[in-house]
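Only one structure is covered here, and it is reproduced in the block below.
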Amino acid sequence: GENVEQHPSTLSVQEGDSAVIKCTYSDSASNYFPWYKQELGKRPQLIIDIRSNVGEKKDQRIAVTLNKTAKHFSLHITETQPEDSAVYFCAASMRAESNFGNEKLTFGTGTRLTIIP
Amino acid sequence: NAGVTQTPKFQVLKTGQSMTLQCAQDMNHNSMYWYRQDPGMGLRLIYYSASEGTTDKGEVPNGYNVSRLNKREFSLRLESAAPSQTSVYFCATRDRGIRSTDTQYFGPGTRLTVL
């Protein structure tokens, strides 16, 4: 099955600086890579995702890059703000041939991001 | 629109007791999932259901059973709770089909402690 590794496990960044979180995956058939943000005591929520037919996707201050050859993808947060403090999870899955889509996500172990004011 | 709801929010069990965690959604999604979240382990899939009447094992199914009662509800049962099942349990749903965005929507979680 798929195996997703995530680094670093903790990251502290000065407010206004950039943060980068990296993930690697093992199954070359994986083609969908979402990122979830989980604030303390809350549920995980999708913040951005990327599919294997693109190399980069951006949404305001967050961006995700994908390198299919190396089987790794990264989350980039620029101009960090205190509200970016949270645990971030990467995940990977494979869209099936049928209409069923991506049935199972394999998550990384999470990165606790702390923004220092 | 409640989205995904879970009951109870908190539960304390003694070893060997049984209980059922409930999940319900009003998003008309086909797929439903149960995860457990442990410190340093991320989210691990216990069971999932692609549609009403079907269930499949995930990464860590031992000690659990599930029931997809109807399209809205997906329950997780612990028949004989063990301390190793102390965790936060999340239910999630996803729309299926060609136009699906593949986003999983999570419930608020159930914090379970087994003594």
Side-chain angles (χ1 to χ4, degrees), chain A residues 1-10 21 23-27 30-53 57 59 64 86-112, chain B residues 2-6 9-10 23 25 27 29-52 54-61 66 68 74 87-111:
Chain A
E2 175 65 276
N3 182 50
V4 177
E5 295 191 357
Q6 182 171 349
H7 300 280
S9 56
T10 61
I21 303 169
C23 290
T24 60
Y25 61 99
S26 61
D27 190 343
S30 289
N31 55 15
Y32 173 65
F33 308 93
W35 286 87
Y36 283 79
K37 175 183 180 182
Q38 185 179 29
E39 296 177 355
L40 189 61
K42 300 291 181 64
R43 71 192 78 187
Q45 291 188 296
L46 179 77
I47 54 171
I48 195 168
D49 57 14
I50 192 168
R51 300 181 190 279
S52 59
N53 58 346
K57 184 177 179 181
D59 183 4
V64 58
V87 178
Y88 292 81
F89 293 97
C90 63
S93 73
M94 183 191 75
R95 172 173 279 275
E97 291 297 320
S98 71
N99 281 352
F100 293 165
N102 298 305
E103 287 299 349
K104 294 192 292 184
L105 286 175
T106 301
F107 283 86
T109 50
T111 296
R112 182 174 299 279
Chain B
V4 185
T5 58
Q6 291 182 235
K9 287 187 169 54
F10 302 94
C23 175
Q25 52 107 356
M27 305 175 80
H29 287 173
N30 298 100
S31 299
M32 297 186 74
Y33 306 82
W34 275 107
Y35 293 92
R36 60 177 290 173
Q37 184 176 32
D38 304 293
M41 302 288 286
L43 291 150
R44 293 184 292 169
L45 183 64
I46 304 171
Y47 270 94
Y48 70 106
S49 170
S51 62
E52 182 180 348
T54 68
T55 60
D56 282 288
K57 295 179 180 179
E59 182 185 351
V60 288
V66 290
R68 183 73 183 269
F74 189 37
S87 188
V88 179
Y89 291 85
F90 286 99
C91 175
T93 72
R94 184 180 68 82
D95 189 19
R96 245 179 54 205
I98 294 174
R99 299 188 186 282
S100 169
T101 62
D102 295 315
T103 302
Q104 290 195 15
Y105 296 87
F106 285 82
T110 295
R111 186 174 294 274

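Since the structure is predicted, the reported quantities are computational estimates derived from the model, not experimental observations. The sequence lines fix the lettering, A, B, ..., with proteins before strands; numbering per chain opens at 1.
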Look up atom CG in B/Asp56 and atom OH in B/Tyr47, then write down how far apart they are to the nearest 0.5 Å. 9.5 Å
Need one label for [X]: side chain, backbone, both or neither, based on atoms under 4.5 Å from any heavy atom in chain A.
X: B/Tyr48; answer: side chain
X: B/Gln37; answer: side chain
X: B/Leu43; answer: both

Of B/Gly109, B/Gly107, B/Pro39, the largest count of non-hydrogen pairs under 4.5 angstrom with chain A goes to B/Gly107
Measure A/Gln38 against the heavy atoms of chain B and call it side chain, backbone, both or neither at under 4.5 Å. side chain
Side chain, backbone, both or neither: which part of A/Pro34 has a heavy atom under 4.5 Å from chain B? neither
Side chains of B/Cys91 and B/Met32, heavy atoms from C-beta outward: is any pair under 4.5 Å? yes
Which class fits the ring pair B/His29 and B/Tyr105: parallel under 30°, tilted 30 to 60°, perpendicular over 60°? tilted
Salt bridge flag under 4.0 Å for residues B/Arg36 and B/Asp38: yes
The ring-ring contact (aromatic ring centres under 6.0 Å, His included) partner of B/Phe106 among B/Tyr35, B/Tyr33, B/Trp34 is B/Tyr35
